[in-house]
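Following: one structure in structure tokens, then a few remarks.
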Amino acid sequence: MNTKKKMTLLVCVFLTTLCIVSCRQAKEDAIINGEESSADQQEITVETAENTDSETTGDEIESDQQENHVQAAKDADSEMTAEELLDLFIDGTINAADSTDLTAAFYITDLNMGSEELDSYSVGEKVDLDNDGENELVISGPYGGIYLDGRNNRVYEFAAGDGNALILSYVYYNGAVWIMYSNSMNEGYESYHMEKFEGADNLVAEMDFGEELADPNNSESEMKYILNGTIISYDEYAAFCSKIFASQVSTS
């Protein structure tokens, strides 16, 4: 073989080898690029899933918040029971107002509670004082203390003692509870006023009775006895009083 043919053969072998190497490299690059692409797709898929979960969690939180707001609105609109309202007053959470003057409100902490002083108050019993099937709260204290009623999501002052002329108590009479105010501040004179309610804002009956001097200017004069504006005998008066005072409950 001459030199020219040898050179030609060597060139062909070299080009063939170079082509094979190039093809092999291209194939390997394609495989690597494919793996990287697959890895990138996996990362994108994972990120998309995470974003979806995040959006779902955010939606769930927002939904829970909306439900909480709705429940809070329902709770605000719902009416509390008298028992719940009175307990909140005892706890000092809410105040009590005069039903005729809502600005004249007070908290239990405004009262002189639990001391040994004569003008101190204490939490008494719960009893149906207005014959409506729900209990009122007795705050025992000076001149019979204060009676509180819970209604319409508020606590109201139902009755209160106010000096020796208005000493508060309550009485069981003829199958109902009556609020009674006693006045015995003047010598030779005593009077009583009773009120029957069917609901704290619904006064349905009243009674007055008492005794006084027949001659106010003569301390030696006889006594006269009065029931609802009518003069009655001592025996009638005594019989009536025995029924009243036998069932009277003092809250001083």
Side-chain angles (χ1 to χ4, degrees), residues 82 86 96-102 104 106 111 118-119 121-122 124-151 155-217 219 221-252:
L86 296 174
D98 187 324
S99 59
T100 60
D101 182 8
L102 297 182
F106 62 92
L111 303 174
L118 294 177
D119 63 346
Y121 292 86
S122 62
E125 64 180 337
K126 291 177 182 175
V127 60
D128 185 7
L129 299 170
D130 60 4
N131 306 291
D132 67 349
E134 294 186 326
N135 288 337
E136 282 65 52
L137 174 65
V138 174
I139 302 294
S140 301
Y143 310 114
I146 306 168
Y147 300 163
L148 300 175
D149 177 60
R151 65 184 187 278
V155 173
Y156 295 94
E157 181 182 292
F158 170 47
D162 188 17
N164 289 327
L166 290 171
I167 300 175
L168 182 64
S169 62
Y170 65 91
V171 174
Y172 293 95
Y173 178 69
N174 281 353
V177 177
W178 295 65
I179 305 300
M180 186 164 76
Y181 298 94
S182 305
N183 180 357
S184 57
M185 64 181 299
N186 297 320
E187 186 177 356
Y189 172 87
E190 60 183 51
S191 66
Y192 305 90
H193 175 71
M194 294 174 58
E195 298 177 344
K196 177 186 175 184
F197 290 83
E198 293 179 358
D201 55 354
N202 184 26
L203 177 63
V204 296
E206 298 179 82
M207 288 195 302
D208 293 281
F209 62 99
E211 59 182 81
E212 59 187 70
L213 291 170
D215 181 359
N217 299 317
S219 61
S221 70
E222 295 182 350
M223 301 296 293
K224 63 179 180 181
Y225 307 96
I226 303 169
L227 175 60
N228 293 327
T230 301
I231 297 176
I232 59 177
S233 69
Y234 169 77
D235 290 340
E236 290 173 316
Y237 182 76
F240 178 77
C241 286
S242 66
K243 294 179 182 179
I244 298 298
F245 297 130
S247 62
Q248 179 189 16
V249 179
S250 173
T251 52
S252 295

Backbone of Ala214 reached by a side-chain donor or acceptor of Glu222 within 3.5 Å: no

Determine, step by step, whether Tyr234 and Glu211 satisfy the side chain to side chain contact (heavy atoms under 4.5 Å, CB included) criterion, reporting the C-alpha distance in whole Å, the side-chain angles of both residues, the deciding distance to 0.1 Å, and the verdict. CA-CA 9 Å; Tyr234 169 77; Glu211 59 182 81; over 6 Å; no

Is the side chain of Asp208 donor-acceptor paired with the backbone N or O of Gly229 at a distance under 3.5 Å, no angle test? no

Nearest heavy-atom contact between Asn131 and Lys196 is ND2-CG, 4.1 Å

Describe, in one word, how the ring planes of Tyr181 and His193 are oriented to each other, choosing from parallel (under 30°), tilted (30 to 60°) and perpendicular (over 60°). parallel

I need the minimum non-hydrogen distance between Leu118 and Pro142, along with the two atoms involved. O-CG, 4.1 Å

Rounding to 0.5 Å, atoms CG (Asn164) and CG (Asn183) come to a distance of 8.0 Å

Is the side chain of Asn174 donor-acceptor paired with the backbone N or O of Ala176 at a distance under 3.5 Å, no angle test? no

Please assess Glu198 against Asp132 for the test side chain to side chain contact (heavy atoms under 4.5 Å, CB included), listing each intermediate value before the final yes or no. CA-CA 6 Å; Glu198 293 179 358; Asp132 67 349; over 6 Å; no

Could you measure the distance from the OH atom of Tyr173 to the CD atom of Gln248? Nearest 0.5 Å is fine. 14.5 Å

Please state whether the rings of Tyr147 and Tyr170 are parallel, tilted or perpendicular, taking 30° and 60° as the class boundaries. perpendicular

Can you name the nearest heavy-atom pair linking Gly150 to Glu134, along with the distance? O-OE1, 4.4 Å

Here the gap from Asp162 atom CG to Ile146 atom CD1, rounded to the nearest 0.5 Å, amounts to 10.5 Å

Please report the interatomic distance OG(Ser182) to CZ(Phe245), rounded to the nearest 0.5 Å. 6.5 Å

Would you find more than 12 non-hydrogen atoms of other residues, nucleotides or ligands less than 6.0 Å from Phe106 atom CZ? yes

How many angstroms lie between atom CG of Asp130 and atom CD of Glu136, to the nearest 0.5 angstrom? 3.5 Å

Given Asp201 and Asp149, is the side chain to side chain contact (heavy atoms under 4.5 Å, CB included) satisfied, shown in steps? CA-CA 10 Å; Asp201 55 354; Asp149 177 60; over 6 Å; no

Check against side chain to side chain contact (heavy atoms under 4.5 Å, CB included), Val177 and Asp128: CA-CA 8 Å; Val177 177; Asp128 185 7; 5.8 Å; no

Heavy atoms of Met194 and Phe209 approach each other most closely as SD-CE2, 3.6 Å

Taking Phe197's backbone N and O only, do any of them form a donor-acceptor pair with Asn202's side chain (distance below 3.5 Å, no angle check)? no

What about the rings of Phe240 and Tyr225, do their centers lie closer together than 6.0 Å? no

Least distance between heavy atoms, Ile232 atom then Glu236 atom: CB-OE1, 3.2 Å

d(Ile179 CD1, Thr251 OG1) to nearest 0.5 Å is 8.5 Å

Write down the atom of Leu111, the atom of Tyr121, and the distance for their closest heavy-atom approach. CB-CD1, 4.0 Å

